[in-house]
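A short write-up of the structure that comes next.
In this chain, residues are counted from 1 in sequence order.
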Amino acid sequence: MSALPSEIGAASMPRAGASPLLWVPSTYFTMALAYVMLNSVTAIMFKNLGMDNGKAAEYASYLILAYTIKPLFAPVVEMYRTKKFFVLCAQFAIALGFAGVALAMALPDYMVLLVFLFTVLSFIGATMDIAADGVYVTALDGRSQSLYCGVQSLSWNIGPIVASGGMVYLSGWLHSQYFHHDSKVFGPEWIDAWRIVFFLAAGLALVMALWHMKTMPEGARAENAPSSIGQAWFILKDSFVTFFGKRDVWLMIGFAFLFRLSIGLLEKIGPFFMVDPVAKGGLGLSNELLGIVYGTYGLVAVLVGSLLGGLFVARRGLRPTLFLLCCAVNIPNVTFLLMAYYQPASLVVISVGVAVEKFFFGFGSVGFMIYLMQQLAPGKYTTTHYAFGTGLMGMCMMVTGLVSGHLQQFLGYVNYFWFVMAATIPSFLVTWFAPFHNKEDA
C-alpha cells in the first residue's frame, strides 16, 4: 500500500454525512488497480505482444520510478486546490490514458507510444496516491483512521486480484475463446484482446472518478503545508538532512533496500516462467491459468499471510522475530527453483508452489513495514521518512526488475532461480545487523 509522502498536521474531523465506507474502499481499490495495471500487468502484456523477457521486464520496471520518487513532488500537491481535486483529476486522466492505450494499439509502431503513455500515467498514478492518502488522513480523525485501516488495506489488496487475476484471465479468454488465436503463440495477434482489457480498465477508472465526485470529502489542508515552491524545497531539503542524520542510518538504508532483493528478482520473472513454453524451461500456462494461479490464489495467499504475520508480530514483538520473518520472505523462493527443475504439469502442484511462496512473502513482509514505521521513520518528518523507506524498497524493485529479464535469458530458468536463492544472502545480513534504537510500540 502506498504511504503518504508529505508531512501533515493534526487531522480534521470527519465530514458530516459522508460515511468513509462510501469512499475509502473504492479509493484504495482504484489506487491499487492503477498501480498493478501499470507495474505488473504491462509486463504480461509486453510478453504476450512478443517482447523477450529482458525487454518486457525492463520496460515495465521503468514505470516504478514515479512511485519511487513521489516524495520529491508530494509538497506541490499540498500547495494547490484541494486533495480531492487532485484525486479526481488523476482518476479522469487515468481513464483517458487507459483508453488512449487501447486506441494506440491500432496504430503502426504502437509500442513507442504505449511506453510514453504508460510513463505519463505512472506519474499521474503516483500523484493520485499522494492526494488520496492525504484525503484519508485529513478527512478522518485519529480514531476513524484506525477504525478504517483494515478496510483500507483489504480494499487495496482487492485491486491486484482484479488486475493481475481478472484482467490477465480476461486477456487470455478473449484471445483464445473470442478471437480464436493460439494462446501459446506470442505476437501482434494479442492486440485485440488487450485493447478490450484496457478499455475495461478505463471504464472502471471513469466510474470510480464519477463516484468519488459525489462521495469523497475535500480533504483538509495540512497545518504545515508549504505556501510556495521555495518553502516546499526547504521542507524537502530539511527532511533529507534530518533523515541522513539518524543514528546508523546507512544500516537502515541497507535494510530498506535489500530486505526484498530476491523478491524483486522474482517479481517480473515469476509470471514469465509460468507462461513460457515447456521447451523454453517454463510451465506453459495460458493467461487464464496465470490469472487464476498467480493473480488470484497467489494474491489471496499474500493477504492471508499478511494478516497472520501481523498477529504474529503483535504477540511476539518485532525485534525477536525480524530474522525469522526474513527467512519467511526468502527461503520459500526455493519453490520456483524446484518447479524449474521438475516443470510439473499438475495445476494443483503449481498452485501449491505459488501459494506457499506468496503466503510466506506476505507473512514476512509485515516485519519490513513495521521496521520502517518504528525504527526508520520516527522523528521530525515521520511520514516523509517512512516514504523514503518505501521509496528505497521501490528502487530495489525497479533496479532488480531492469536486470532480471536479461539475467534470466542469459542463465536460463534453473540457473536464474539458483541466482535468486543466492540473492537472499544480502537480505539475511542486513536483517541480522538491522539496528533497533526506538522502543517498539506496545
Side-chain angles (χ1 to χ4, degrees), residues 1-3 5 31-47 51-74 94 111 114-130 156 159-160 163-164 240 243 250 252-273 302 329-330 333 361 365 368-369 372 376 384-411 416 419-420 423-424 426-427 430:
M1 188 183 302
S2 61
M31 289 163 62
L33 179 72
Y35 178 83
V36 177
M37 289 295 296
L38 290 168
N39 295 294
S40 297
V41 176
T42 52
I44 304 299
M45 185 193 74
F46 289 150
K47 172 99 175 147
M51 274 192 189
D52 60 42
N53 286 1
K55 288 183 179 179
E58 180 182 348
Y59 287 6
S61 296
Y62 281 126
L63 302 176
I64 303 174
L65 177 63
Y67 290 89
T68 300
I69 65 171
K70 65 184 180 181
L72 301 181
F73 56 89
I94 288 169
M111 191 57 70
L114 286 190
V115 173
F116 171 77
L117 286 172
F118 285 138
T119 301
V120 173
L121 285 169
S122 69
F123 280 91
I124 294 172
T127 303
M128 175 177 65
D129 281 13
I130 294 166
W156 201 97
S164 291
F240 272 98
F243 180 75
W250 289 107
M252 291 189 285
I253 288 173
F255 176 86
F257 185 82
L258 293 172
F259 183 83
R260 295 171 61 172
L261 180 66
S262 65
I263 299 301
L265 292 168
L266 273 181
E267 186 178 41
K268 298 292 189 295
I269 303 305
F272 294 170
F273 170 62
V302 168
V329 168
N330 289 283
N333 295 343
F361 164 71
S365 290
F368 174 80
M369 305 307 291
L372 296 189
L376 183 142
T384 300
H385 290 173
Y386 178 76
F388 286 172
T390 58
L392 286 164
M393 181 264 293
M395 186 66 71
C396 176
M397 297 297 103
M398 185 180 76
V399 172
T400 51
L402 291 176
V403 302
S404 61
H406 299 291
L407 278 173
Q408 183 279 317
Q409 286 181 292
F410 177 74
L411 296 172
Y416 180 79
F419 177 78
V420 169
T424 64
S427 303
V430 296

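With values rounded to the nearest 0.5 angstrom, Ser404 atom OG is found 4.0 Å from Ile269 atom CD1. The CD atom of Gln409 sits 4.0 Å away from atom CG of Asp52, with the distance rounded to the nearest 0.5 Å. Taking CE of Met398 as the start and CD of Glu267 as the end, the distance is 12.5 Å to the nearest 0.5 Å. Atoms CG and CG, on Leu266 and Leu261 in that order, are 10.5 Å from each other to the nearest 0.5 Å. Note that CE of Met397 and CZ of Arg260 are 5.0 Å apart. Values are rounded to the nearest 0.5 Å. Annotation: the span from Met37 atom CE to Leu63 atom CG amounts to 12.0 Å, rounded to 0.5 Å.
Heavy-atom minimum distance, Pro160 versus Val36: CG-CG2, 3.7 Å. Across all their heavy atoms, Ala32 and Gly159 have their closest contact at CB-CA, 3.8 Å. The minimum heavy-atom distance linking Leu265 with Tyr416 is given by the pair O-OH, 2.6 Å. The shortest heavy-atom contact between Val420 and Ser262 is O-CB, 3.7 Å. Among all heavy-atom pairs drawn from Ile94 and Leu121, the shortest one is CA-CD2, 3.8 Å. The shortest heavy-atom contact between Ser365 and Val329 is N-CG2, 3.6 Å.
At least one side-chain heavy atom of Phe123 sits under 4.5 Å from a side-chain heavy atom of Ile69. When side chains are defined from C-beta on, Tyr59 does not count as touching Leu114, because their heavy atoms never get closer than 4.5 Å. Side-chain contact between Phe118 and Tyr62 is absent, with no heavy-atom pair separated by less than 4.5 Å. A 4.5 Å side-chain heavy-atom check between Thr119 and Leu65 finds every atom pair outside the cut-off. No side-chain heavy atom of Gln408 sits under 4.5 Å from any side-chain heavy atom of Phe272.
In this structure, Phe368 and Phe259 have parallel ring planes: the angle between them is below the 30° cut-off, well short of the 60° mark.
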- Evaluation steps, side-chain contact (heavy atoms from CB on, under 4.5 Å), between Asn333 and Phe361: CA-CA 9 Å; Asn333 295 343; Phe361 164 71; over 6 Å; no
- Step by step, work out the side-chain contact (heavy atoms from CB on, under 4.5 Å) result for Leu38 and Tyr67. CA-CA 11 Å; Leu38 290 168; Tyr67 290 89; 3.9 Å; yes
- Stepwise side-chain contact (heavy atoms from CB on, under 4.5 Å) check, Phe388 with Leu392: CA-CA 6 Å; Phe388 286 172; Leu392 286 164; 5.5 Å; no
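Checked by atom type and distance alone, the side chain of Lys268 never pairs as donor or acceptor with a backbone atom of Gly54 at under 3.5 Å.
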